[in-house]
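Below: the structure, in structure tokens.
Just so we're clear, the structure is a prediction, and the values are computed from it rather than from any experiment.
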Amino acid sequence: MGRLFGTDGVRGLANRDLTAPLAMNLSVAAARVLGEAGAFEGHRPVAVVGRDPRASGEFLEAAVVAGLASAGVDVLRLGVLPTPAVAFLTHALDADLGVMLSASHNPAPDNGIKFFDRSGHKLPDEIEDRVEAALGTDWEPPTGSGVGRVREAHGAVEQYVAHLLSTLPVSLDGLKVVVDCANGASYEVAPEVLRRAGAEVITIGAAPDGLNINAGVGSTHLDALKRAVRENGADAGIANDGDADRCLAVTATGEEVDGDQIMAILATELREAGKLAGDTVVATVMSNLGFKIAMRDAGLTVIETAVGDRYVLEVMRERGFNLGGEQSGHVIMLDHATTGDGVLTGLHLLAAIARRKRPLDELAKVMTRLPQVLVNVKGVDKSRARTSPELTAAVAEAEAELGDTGRVLIRPSGTEPMVRVMVEAATHDQATAVAERLAGVVRTALS
């Protein structure tokens, strides 16, 4: 079956791939493994559990809570909150374990489980492997006073909101903002934070019914936000995804501002305030070349990682950097959060507008996005993508043609028999032509 844990926890079709018994057993196994590792030494263990508003989250939450309590862990139920809120509250409430039920930007029928350690970081791979290995093995459950107790975590939402507001460098007074909550986990928190920061707030995607999360709204569907921004004469629009660990934005004229542009704006803000660690930003290989050129021209360093916010975070933690992220809108501000936080990111992007008294479209000009074309070539032997002499020669020829004004990235898919061909160039036509040519080489050389 392969590894149960993916790059972002355990995820799948709820009640088919991710069932109530599996959720309960995962929680039992996590409690056992952490207990054996000494994480609960000398005290009664506590876990916090949150979820996004998917209908399946209700029965999966019940299963997770039951599993933890049956393993002797006291549980604080957080209710519907963003993933980064659960990560923050795990540490802030001095819990030993955090659990979030969400499938992020996936459609409503999917769901997922991710675990956080007591510092609010995702469990390392080796602990996840031990949790997976412990599934279904014999154990001696506690009885009597040894079983866990369950209660609501009153005041937790306010604690998270107060934390976000405490990071704000300036008031947002005078700004009119549309916030799209994707009918997801930020539907209460995001508007509340922005209003208390001083902005006039219009909300869309803030009426979750358990089935409409990410449906035509949120960071993966920006058209509704663009319309709302223009219709309301707003200064900007902010879009989260279902669990609010992503943030994308829209200018007053309806132009998209992606994660690269947001990172570029925040990097220059932090550097000007003397707070950008090492004058460095950590990004993935998929970040636009325009971002890297802009950061170089600003005297800043970009360190690249593999695709995935967990890899960005690993480098940030290992080397002491405090800003990183992905083009998709996962932006990690490590001074304030242990994971990507879409509400935090939007707050600081709007603060840049307020502080500089310049519109978002002007701030976004800190970088110029080069045209980027992605072609997925399916049904090929992806294992030979890095060793094929024909493909290597074709890539070298393309790179010579593009020179300093473009780049090529050939990347085998991590989950499918497919090779991704990404080309950036000075014009869209050139990027398309080079990408299609390379895709043809992939088809013939790797078939």
Item to complete: Mark yes or no for whether S166, through its side chain, and H163, through its backbone, hold a donor-acceptor pair below 3.5 Å.
Response: yes

Worksheet item: Taking C-beta and beyond as the side chain, do V250 and V257 meet within less than 4.5 Å on heavy atoms?
Response: no

Worksheet item: S388 and E390: side-chain donor and acceptor closer than 3.5 Å?
Response: yes

Fill in: Polar side-chain atom of K176 near backbone of A199 as donor-acceptor pair, under 3.5 Å
no

Discussion item. Please identify which of these residues, D96, V75, L93, meets the side-chain contact (heavy atoms from CB on, under 4.5 Å) condition with V48.
Written reply: L93

Worksheet item: Does the distance from a Lys or Arg side-chain N to an Asp or Glu carboxylate O, for E158 and R196, drop under 4.0 Å?
Response: yes

Discussion item. Test your reading of the model: is there a side-chain donor-acceptor pair from E326 to the backbone of G308, 3.5 Å cut-off?
Written reply: yes

Discussion item. Are I238 and L350 packed together at the side-chain level, in the sense that at least one heavy-atom pair is separated by less than 4.5 angstrom?
Written reply: yes

Discussion item. Would you say that more than 12 heavy atoms from the other residues, nucleotides or ligands in this model lie under 6.0 Å from the CG of D297, or not?
Written reply: yes

Item to complete: Looking only at non-hydrogen atoms, find the nearest pair between G198 and S171 and report the distance.
Response: CA-OG, 4.4 Å

Worksheet item: Taking NZ, NE, NH1 and NH2 as the nitrogens, is one of them in E424 or R369 under 4.0 Å from a carboxylate oxygen of the other?
Response: no

Fill in: Check: D341 side chain, A337 main-chain N or O, donor-acceptor pair, under 3.5 Å
no

Worksheet item: Side chains of Y160 and V189: does their closest heavy-atom pair fall under 4.5 Å?
Response: yes

Discussion item. I'd like to know if E314 pairs up with R319 as an ion pair, taking the criterion as any Lys NZ or Arg NE/NH1/NH2 lying under 4.0 Å from an Asp or Glu carboxylate oxygen.
Written reply: no

Discussion item. Check E399 with R407, please: is the shortest side-chain N to carboxylate O separation under 4.0 Å?
Written reply: no

Worksheet item: What is the minimum heavy-atom distance between L347 and L168, and which atoms define it?
Response: CG-CD1, 3.6 Å

Item to complete: Return yes if some donor-acceptor pair links the side-chain N/O of D243 with the main-chain N/O of T83 below 3.5 Å, else return no.
Response: no

Worksheet item: With a 4.5 Å heavy-atom cut-off, do V375 and V373 have their side chains touching?
Response: yes

Practice prompt. Verify, without hydrogens or angle tests, whether D241 (side chain) and S104 (backbone) share a donor-acceptor contact under 3.5 angstrom.
Written response: no

Worksheet item: CG of D258 to CE of M367: how many Å apart, nearest 0.5 Å?
Response: 6.0 Å

Discussion item. As an exercise, state the distance from CG of L13 to OG of S56, rounded to the nearest 0.5 Å.
Written reply: 8.5 Å

Worksheet entry | Main-chain N/O of D8 paired with K122 side-chain donor or acceptor, under 3.5 Å | no

Practice prompt. Consider only side-chain N and O atoms of D245 and H330, and report whether a donor and an acceptor are under 3.5 Å apart.
Written response: yes

Fill in: Short N-O contact, R11 and D17, less than 4.0 angstrom
no

Discussion item. Using 0.5 Å steps for rounding, measure from the CD atom of E200 to the CG atom of D173.
Written reply: 11.5 Å

Worksheet entry | Exam field: side chain R54 to backbone D110, donor-acceptor pair closer than 3.5 Å | yes

Worksheet item: Step by step, would you call R227 with E231 a salt bridge (Lys or Arg N to Asp or Glu O under 4.0 Å)?
Response: CA-CA 6 Å; R227 286 194 301 272; E231 289 169 0; 5.1 Å; no

Worksheet item: Are K114 and E128 within salt-bridge range, i.e. N to O under 4.0 Å?
Response: no

Discussion item. Aromatic contact between H121 and H91, with the criterion being ring centroids under 6.0 Å apart: yes or no?
Written reply: no

Worksheet entry | Student check: side-chain heavy atoms of E269 and H348 closer than 4.5 Å | no

Item to complete: Without swapping roles, check the side chain of T338 against the backbone of G120 for a donor-acceptor pair under 3.5 Å.
Response: yes

Worksheet item: Do L97 and T90 have side-chain heavy atoms sitting under 4.5 Å apart?
Response: no

Practice prompt. Specify the closest pair of heavy atoms between G218 and A182, including all atoms of both residues, with the distance to one decimal.
Written response: CA-CB, 3.6 Å

Practice prompt. Please round to the nearest 0.5 Å and tell me the distance separating atom CG of L211 and atom CD1 of I213.
Written response: 10.5 Å

Worksheet entry | salt bridge (Lys or Arg N to Asp or Glu O under 4.0 Å) between D129 and R3, intermediate numbers included | CA-CA 8 Å; D129 289 341; R3 191 172 187 266; 2.7 Å; yes

Worksheet entry | Under-4.0 Å salt bridge between E126 and R130 | no

Practice prompt. Evaluate the side-chain proximity of Q327 to M263: yes if any heavy-atom separation is below 4.5 Å, no if none is.
Written response: no

Discussion item. Among D279, I303, I332, L276, which residue satisfies the side-chain contact (heavy atoms from CB on, under 4.5 Å) criterion with F321?
Written reply: I303

Discussion item. Rounded to the nearest 0.5 Å, what separates atom CG in L323 from atom CG in L300?
Written reply: 9.5 Å

Worksheet item: Just by modelled atom types, is the E255 backbone N or O under 3.5 Å from a matching donor or acceptor in the T251 side chain?
Response: yes

Worksheet item: With side chains defined as the heavy atoms from C-beta onward, is the minimum distance between V408 and L402 less than 4.5 Å?
Response: yes

Fill in: Closest non-hydrogen atom pair between V178 and A234, with its separation
CG2-CB, 3.8 Å

Item to complete: Output the distance between atom CZ (R310) and atom OG1 (T339), rounded to the nearest 0.5 Å.
Response: 10.5 Å

Practice prompt. Evaluate salt bridge (Lys or Arg N to Asp or Glu O under 4.0 Å) for K226 paired with E256, printing each intermediate quantity in order.
Written response: CA-CA 8 Å; K226 293 175 184 178; E256 295 181 18; 2.8 Å; yes

